[in-house]
Amino acid sequence: MNDSSWGAPPQAGYWAPTDRGPVQGQAPAGPTYDAHEAQQTRPMPIVPDVPAHGGNQDHDRGAARPAGPLFRDETPSAHPYGEAPQKPEPMPDAPQPAPQKKSAGRDLSAAIGVGVGLGAVIVASLFIVKAVFVGVIAVAVVVGLWELTSRLQERKGIKAPLVPLAVGGAAMVVAGYVRGPEGAWVAMALTALAVLVWRMTEPPENYLKDVTAGVFAAFYVPFLATFVALMLAADDGPQRVLVFLVLTVVSDTGAYAVGWRFGTHKLAPRISPGKTREGLLGAVAFAMVAGALLMQFVIDDGAWWQGLLLGFAVAASATLGDLGESMIKRDLGIKDMGTLLPGHGGIMDRLDSLLPTAPVVWLLLVLFVGSG
């Protein structure tokens, strides 16, 4: 037998004519291939020996039959008869999911309805009787304090005393409207003192943590909201408050519209992944245009260039306020502060950009056109 021939178990259809017979005393164990043919065709892989006629003998060579492939670049076949595995037919391409449209993540119809209703109440109370609008501010402050202290207790176990905060917060708003900035500061100090004393009626454990959170809540919600009452106290108070509200809403709207359509670069991904730099630019552009128009046509003695500066400042403060509350909610592990307003979350979720913007607008209006 040629050196190029390897034995294989007898298989139908693989016998080739040969002019040489089997070795003396041995039964044929496989086909004999011509050397020329072996060079022209790709050899079949060799599988482990299968006993033929009760034996496991090799042909002319005295060595054991190799159990691996004939050539090193071949891999042994998993088929029991050494046949090459057939390639599976390609599966049809899986249908690609349809691209999803961007979503606001909230019920927009409910959000718009609630927003329009709140706007109507605010405008009506603002231009009919000033005192009614002061009451609206006080109610929003009390509800916001309740939401904030409730989430602090639920998520962090911090028990900021709500009663002195609610009473002191409402008094802070009224004092700011009646007595001006001095009344607001005095009410703030008395509220902080009331929080310290009220918490003494409970065990001393976590006292420092609870009163610190209470003082923070007093500053964050009612004290900042008092600047709205300070604006209202001016002779053209309703117009000033209107400018403040419209600019904040326009800034938020510009940030949402531009960010939703063109936003690709994250502004603060660790704090609020949905906010983008493009959205911030949209907020600045929208607010500056609206500020120029409002200062020119709504505020007496106002100028368009003052409105540009005012709009820029509002866009910056509103964005920082939104990021600030996002930081608080991320620390607490919640999405919204409450569920009171369908499509909006809670009262605090609507006050997030308004609260830090109020002192900015109040101060710039005093610088531009006086305290009134």
Could you give me the CA-CA distance, side-chain angles and deciding distance for Q239 and D300, then say whether side chain to side chain contact (heavy atoms under 4.5 Å, CB included) is met? CA-CA 9 Å; Q239 287 78 13; D300 294 336; over 6 Å; no

Side-chain donor/acceptor of E278 to backbone N/O of V258, under 3.5 Å: no

V298 side chain near V246 side chain, heavy-atom distance below 4.5 Å: no

Do L280 and K275 come close enough that some side-chain heavy atom pair is under 4.5 Å? no

When rounded to the nearest 0.5 Å, the distance separating CG of L126 from CD1 of I137 is 8.5 Å

Checking S251 side chain against L247 main chain: does a donor-acceptor pair fall under 3.5 Å? no

Residue pair V314 / V361, side-chain heavy-atom distance below 4.5 Å: yes

For a quick test of reading the model, state the closest non-hydrogen atom pair linking A290 to V250 and the distance between them. CB-CG1, 3.9 Å

Ignoring hydrogens, what is the shortest heavy-atom contact between A140 and I347? Give both atom names and the distance. O-CG2, 3.7 Å

Does F368 form a side chain to side chain contact (heavy atoms under 4.5 Å, CB included) with I299? I'd like the steps, not just the answer. CA-CA 10 Å; F368 290 154; I299 300 297; over 6 Å; no

Closest non-hydrogen atom pair between A166 and V142, with its separation: O-CG2, 4.0 Å

Taken to the nearest 0.5 Å, the spacing of W185 CH2 from F223 CZ works out to 3.5 Å

Just so I know, are the side chains of L367 and Q306 near enough to count as touching, which here means a heavy-atom distance under 4.5 Å? no

Interatomic distance, L310 atom CG to T357 atom OG1 [nearest 0.5 angstrom]: 10.0 Å

Give the cluster check for M288 versus V249: same hydrophobic cluster or not, with ILVMFWY residues linked at side-chain heavy-atom distances below 4.5 Å. no

For the residue pair P273 and R330, establish whether any side-chain heavy-atom pair is separated by less than 4.5 Å. yes

Counting N and O atoms only, with roles assigned by atom type, does the side chain of K329 sit under 3.5 Å from a partner on the main chain of D336, one being a donor and the other an acceptor? no

Where do M348 and R151 land on the side chain to side chain contact (heavy atoms under 4.5 Å, CB included) test, with the steps shown first? CA-CA 11 Å; M348 285 300 299; R151 301 297 87 78; over 6 Å; no

Working to the nearest 0.5 angstrom, can you tell me the gap between L242 CG and L294 CG? 7.0 Å

Nearest heavy-atom neighbours spanning L323 and S272: CD2-CB, 3.9 Å

Closest heavy-atom pair and its distance - T264, T276: N-CG2, 4.2 Å

Hydrophobic cluster identity match, W304 and F286, side-chain contacts under 4.5 Å: yes

When you measure from the side chain of R240 to the backbone N and O of M231, does any donor-acceptor pair fall under 3.5 Å? no

Using modelled atom types only, decide if a donor and an acceptor are shared between the side chain of D349 and the backbone of G346 within a distance under 3.5 Å. yes

Tell me, yes or no, whether the heavy-atom count around F312 atom CZ, taken from other residues, nucleotides or ligands under 6.0 Å, exceeds 12. no

Taking K130 for its side chain and L232 for its backbone only, find out whether a donor-acceptor pair lies under 3.5 Å. yes

Of all the heavy-atom pairs spanning V132 and S125, show the shortest one and how long it is. CG1-CB, 3.6 Å

Is there a side-chain contact between V221 and L165, using heavy atoms and a 4.5 Å cut-off? no

Counting neighbours of NZ on K209 that are heavy atoms of other residues, nucleotides or ligands and sit closer than 6.0 Å, is the number greater than 12? yes

Would a single hydrophobic cluster contain both L293 and M295, if residues Ile, Leu, Val, Met, Phe, Trp and Tyr are joined by side-chain heavy-atom contacts under 4.5 Å? no

Verify, without hydrogens or angle tests, whether E147 (side chain) and G338 (backbone) share a donor-acceptor contact under 3.5 angstrom. no

Derivation of the side chain to side chain contact (heavy atoms under 4.5 Å, CB included) call for F244 and L354: CA-CA 8 Å; F244 155 68; L354 291 169; 3.8 Å; yes

Are the side chain of Y256 and the backbone N or O of A283 linked by a donor-acceptor pair below 3.5 Å? no

So, do I328 and F216 sit near enough that their side-chain heavy atoms are less than 4.5 Å apart? yes

CG/L196 to CG/D210 distance, rounded to the nearest 0.5 angstrom? 11.5 Å

Verify same cluster id: V186, L230 (apolar side-chain graph, 4.5 Å): no

Within a strict 4.5 Å, meaning less than it, do heavy atoms of the Y177 and V228 side chains meet? no

dist I271:CD1 -> K266:NZ (nearest 0.5 Å) comes out at 13.5 Å

Side-chain heavy atoms under 4.5 angstrom apart, residues restricted to Ile, Leu, Val, Met, Phe, Trp, Tyr: same cluster for V167 and V178? no

